[in-house]
Colleague: 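Dropping a structure here in structure tokens format, bear with me for questions.
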Amino acid sequence: MAVCIAVIAKENYPLYIRSVPSQSELKFHYTVHTSLDVVEEKISAVGKAMADQRELYLGLLYPTEDYKVYGYVTNSKVKFVIVVDSSNTSLRDNEIRSMFRKLHNSFTDVMCNPFYNPGDPIQSKAFDSMVSGMMVQAC
Amino acid sequence: MESLTLSDVEQKYYSDLFVYCDTDNTKKVASSGKVLDLFRAAQLPNEVVLQITELCGATRLGHFGRSQFYIALKLIAIAQSGLPLRVESLNSVKDLPLPRFVVSKSEQEARHANVYSDTENQGPYVGVIPRPPGRVQPKKVSAHEVIQPCMPTSESQPDTTSPVVSPHQSPPTSPHTWRKHKRQASGGNVDRQPAVAGAVWTPFREAQSGAVTGDGMWSAHSPPPPVQESWVSFTDTPPSSTLPTVHPSSAQESTTVRTLASAATTNEIQRQSSAYDDPWKITDEQRQYYINQFKTIQPDLTGLIAGSAAKEFFTKSKLPILELSHIWELSDFDKDGALTLDEFCAAFHLVVARKNGYDLPEKLPESLMPKLIDLDDSSGGPEPAPEVGYSTSPVEVTPNKSPSMPSLNQTWPELNQSNEDTAIVHPVPIRMTPSKIHMQEMELKRTASDHTHPTSPLMAKPPDLSEEGKLATSIKFPTNTVGDGYSSSDSFTSDQEPITSVVTRQRSHSGTSPEGLKAVAPPPPPPRPHPSHSRSSSLDMSRNFAPVPAGQQQAGVVTYPPAVPPRPLPTQMSGPHSHRPADGEGLASHSSTSPQQIPEQPNFADFSQFQAFAVEHPADDGEKLSDGGQTEKCVDNAAAMRTVKNEAQADERAANVNSAKGSTPLAPPPKPVRRRLKSEDELKAEVDDIPQKSVLATQPSIPRSVGKDKKAIQASIRRNKETNTVLARLNSELQQQLKDLLEERISLEVQLEQLRPFSHL
């Protein structure tokens, strides 16, 4: 269950960002923004090896005391960032991977939509519902 | 007047009613005539109506103000629910259903006739956009007034000159159907809903006909959206008070519509009544229209429309890109970025609906889902490609859609996935009754699997059970031919005992098919955890124990594989023997009835016993025969163990065994019962026990000293090990034999099938 999910375009601007409604939404935005640096770092780390050798799932980007940030990058340099609550220790790596997989699939579906211009904010309801399913349910 | 507390639903409903009655558009006073009509439509006796009007204060005031109107409505609801009319009850009654109104038909019919004649004329969609609004005037009057105040915004409808306006034409039929749907679905309580639906539709229809000119009509957002919701969930939700406009007149219109529609589109009605009420169903005319449009983009009806082409086409509808995007998401079912004919029709239908003001659903309605042809074999309609279905006449397709749609679409999700798994051998065509053809299929699958994994598939999973069952029967067939004098092919058990048992052995669940599934729970001898092992051994047993298996087969036909029990025994007993040639003999022996075989059934799984016996009597047929009884017991035990998972059958077997053979040795009878409950592991664990038992069985009365026992145990252990190796060899040999036989059987069955039709002539 994520606290915040973001889709960042290749040019590092957000295509979709959604967080659990809370006081610190801005904090999540900031966190996602800073995590982009880590993502870039990880991407560039696999310099010699071509992109196909680089795994899409980046794993834990950096943890803080409150939450953990996971990253995933597609072959077209679109980044997915998931922020989960640190207290939610039950989330395993596999679950995070599956979340990213679902994100990726939904994103692909959005891309397939001819009415969607790449670079536009994602406004697909299907995507929204999928993300809602992954977010922590607001109590 | 007492203050009136209304729930939100009631509030909305009442306000809509008020608007409806507010013919003078004063927003303050409802015209008395309309109000009284409404009240009369509530189907309450006149005096009640009078009482209500009095109670609400209208008679005092002389007119129906908003509050009076609301109170009156609430009183109507109270009256309709059978409660006495009291002013105090206004606020005290909880969970009051909303008042229901039914309108007389006559006036509606007249109005509808007008409207429908207009709409019906909208057959040729293309270019017939601008309908002379005047035609719809009479109808529009009331609806207009109702709608106008309800419309919060005036949606900027597509311009009238847009070529895409043609889609506008199609909606008429959909509202048509929708309304009918509503009407048909209306029960007692649901009267309101259809009424509302009708209400919403009539305005739409009118809007549509005058749409070109009165785009504002369409943008009746407030009525349509709620109705939309009610539609989409129409069959599910009870009368939703959120339905904005209770339009008694339009309710009547809807009924009239229905009558008219029936005249005009009997197909629709039939289809609608046949299927559940589905507001999203595409009518024949619509579908034909969509197909024509599809052809303009893609002449090949089985082909795909590229995303870009579709984008251009649908952009012409002037819907916002966001909504078009949503429509695309809904309709591109396979997410390939292109539209098949089915998807295109669904998308078009959604566009049309949206243009008429209906909200887009969150999920694609079932009736709009493209169907995978290969999933719909039963209906026999569409072929492998969804588009192909449409290549046949659309009319045919649609009827196909209706009956098959519910089933197909409902099974869509799982079928969709299974569709892709065609490579996987699914035991999908599971038939409980063995049929030769299916058995052949299953056999083929099994043999294939067998070849690949002689043992693993044998370990068997439940899904394969039916396969096994069929296989068993199929297996029996070749054996039948192999062995003369076998009982009829119906006596599967007798003939196919070895094979069947092999087959069934693989399955842990032998309950599915009586013949095929014989005692499956095969706890093979300790070293061999494979049922195959047991199978082979059972085969051997059958061969070795001529009387035993035969008797079993015939006697134990009932539920479990009589042959199974003997198998382990013979294999164990006749380890060194080459059973291949003896197969036929064994089978022949099977046919010979012998009560001894019966006890073997439950015990066949008791390999350990067999081993013990086999060890004790390694290569002695005679001994085997003599030990048949004992081995039978072992077999019984083994069989029982095998049928661990099928205790019922095991029980039956035990019963059969015990009943059929009174001379069952003492030792085994208790064992079967016990062993049945044991798992394979337990069976293995019993190896130590078995030698003892076997020894005891052979020499029940011989007392043994401890030392002797130990030696005997060790000896038996050695023997068991030897037997294991022998059995392993046997297993492989038997596997090979089994495969050969299966192939033979398949060919024979094929021949039989070929001959069969001729015999019927």
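Please read these numbers as outputs of a predicted model, since none were measured by experiment. We name chains A, B, ... by the order of the sequence lines, and we start the count at 1 in each one.
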Colleague: Quick check on A:H29: does its NE2 atom have over 12 non-hydrogen neighbours (other residues, nucleotides or ligands) under 6.0 Å away?
Modeller: yes

Colleague: Under a 4.5 Å heavy-atom cut-off, does chain A meet the side chain of B:A306, its backbone, both or neither?
Modeller: neither

Colleague: Where is the tightest heavy-atom contact between B:K335 and A:C112, given as atom of each residue plus distance?
Modeller: O-SG, 4.1 Å

Colleague: Would you please test B:W328 and A:Y116 for side chain to side chain contact (heavy atoms under 4.5 Å, CB included) and show each step?
Modeller: CA-CA 10 Å; B:W328 176 276; A:Y116 171 77; over 6 Å; no

Colleague: Using every non-hydrogen atom in the two residues, find where A:P114 and B:S308 come nearest and quote the distance to one decimal.
Modeller: CB-N, 4.3 Å

Colleague: Only one of A:D120, A:N117, A:I122, A:N113 clears side chain to side chain contact (heavy atoms under 4.5 Å, CB included) with B:S325; which?
Modeller: A:N113

Colleague: Testing the basics here: between B:E329 and A:K125, what is the closest heavy-atom pair and its distance to 0.1 Å?
Modeller: OE1-N, 3.7 Å

Colleague: Go through the atoms of B:L324 and report whether side chain, backbone, both or neither lie under 4.5 Å from a heavy atom of chain A.
Modeller: both

Colleague: Do other residues, nucleotides or ligands put more than 12 heavy atoms under 6.0 Å from the OH atom of A:Y62?
Modeller: yes

